[in-house]
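Beneath this line is the structure, given in structure tokens, with notes to follow.
All chains are named by letter (A, B, ...) in the order of the sequence lines, taking the proteins before the strands, and each is independently numbered beginning at 1.
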Amino acid sequence: KQEVTQIPAALSVPEGENLVLNCSFTDSAIYNLQWFRQDPGKGLTSLLLIQSSQREQTSGRLNASLDKSSGRSTLYIAASQPGDSATYLCAVSGDYKLSFGAGTTVTVRA
Amino acid sequence: KAGVTQTPRYLIKTRGQQVTLSCSPISGHRSVSWYQQTPGQGLQFLFEYFSETQRNKGNFPGRFSGRQFSNSRSEMNVSTLELGDSALYLCASRQGIDRDYGYTFGSGTRLTVV
């Protein structure tokens with residue numbers, strides 16, 4: 001059974017600081033890995049999709065890396081802004097389903 | 001391009017009743033899956049459908065069921081509601097079931113069982 005862990009559970013940083021969010025998974029036989037953002041009471045917004053054959057993916061201030069063999073992914077958010085405050089979820093895809101971590105709740109202080 | 005549409009957005013039901021939630025995927029997306037989100041258990045997989053066939057099912061009791069129609073729209077049904085079924089139910093669609101496809105989620109249906 002795939003287990004996905006996200007560390008830390010919560011993070012508070014001043015505006016402008018870079019964010020580093022970690023995700024680990026137990027079964028390396030994944031199809032791909034997706035990072036999502038969730039605002040309170042809302043649905044999930046996809047941020048980045050990394051295929052299992054890729055090492056990283058970038059979109060604007062966001063960069064995600066994937067090391068499938070060690071079961072790790074890291075999401076970097078550069079120059080954080082108050083609008084980046086949200087819960088960030090890592091999900092690994094396999095066997096017609098996503099397995100989610102519990103998320104990292106980020107607060108960016110103005 | 002319209003996103004994944006879930007209806008209704010909010011529901012309040014009484015224990016013992018049943019409920020049906022609806023999901024319309026992004027146009028052209030043929031796969032629909034459902035997830036339950038609670039503060040205690042996080043996001044848990046319910047089921048995924050592709051071409052009207054259930055491809056996978058999570059560890060939920062038989063009270064939870066779903067189906068997909070020929071136009072890819074999907075419904076999930078929960079019978080004999082329990083207080084613990086109170087949750088945010090999220091639907092996601094993707095273009096196909098090949099490993100390259102990522103998921104796009106809807107805004108969810110907030111179900112409260114009283």
Checklist entry - B/Q44 versus chain A, heavy atoms under 4.5 Å apart: side chain, backbone, both or neither? => result neither

Item to check | Proximal component of B/L43, with respect to chain A [non-hydrogen, under 4.5 Å] | outcome: both

Which side-chain N or O atoms in residues 15-22 of chain A pair as donor and acceptor under 3.5 Å with protein atoms at least two apart or in another chain?
| unit_1 | atom_1 | unit_2 | atom_2 | d |
| --- | --- | --- | --- | --- |
| A/N18 | OD1 | A/A79 | N | 2.8 |
| A/N22 | OD1 | A/T74 | OG1 | 3.4 |

Checklist outcome for this item: In terms of heavy-atom contacts, B/W34 and B/S74 come closest through NE1-OG, 2.9 Å

Checklist outcome for this item: Among residues 48-55 of chain A, residues within the sub-4.5 Å heavy-atom range of chain B, in order of number, are A/L49, A/Q51

Item to check | Region of A/K97 that comes under 4.5 Å of a non-hydrogen atom in chain B | outcome: both

Checklist entry - Around atom CG of B/N71, are there more than 12 heavy atoms of other residues, nucleotides or ligands at under 6.0 Å? => result yes

Item to check | Electrostatic pair B/R67-B/E75, nearest N-O below 4.0 angstrom | outcome: yes

Item to check | Ring-ring centroid check B/F47 B/F45, cutoff 6.0 Å | outcome: no

Checklist entry - Which class fits the ring pair B/Y35 and B/F105: parallel under 30°, tilted 30 to 60°, perpendicular over 60°? => result tilted

Checklist entry - Ion pair present between A/D27 and A/K1, side-chain N to carboxylate O less than 4.0 angstrom? => result no

Next on the checklist: Between A/G103, A/G41, A/A102, A/G43, who has the most heavy-atom pairs with chain B when the cutoff is under 4.5 Å?
Outcome noted: A/G43

Item to check | Engaged part of A/L89 at the chain B interface, taking heavy atoms whose separation is under 4.5 Å | outcome: side chain

Item to check | Carboxylate-amine/guanidinium proximity below 4.0 Å for B/K13 and B/E82 | outcome: no

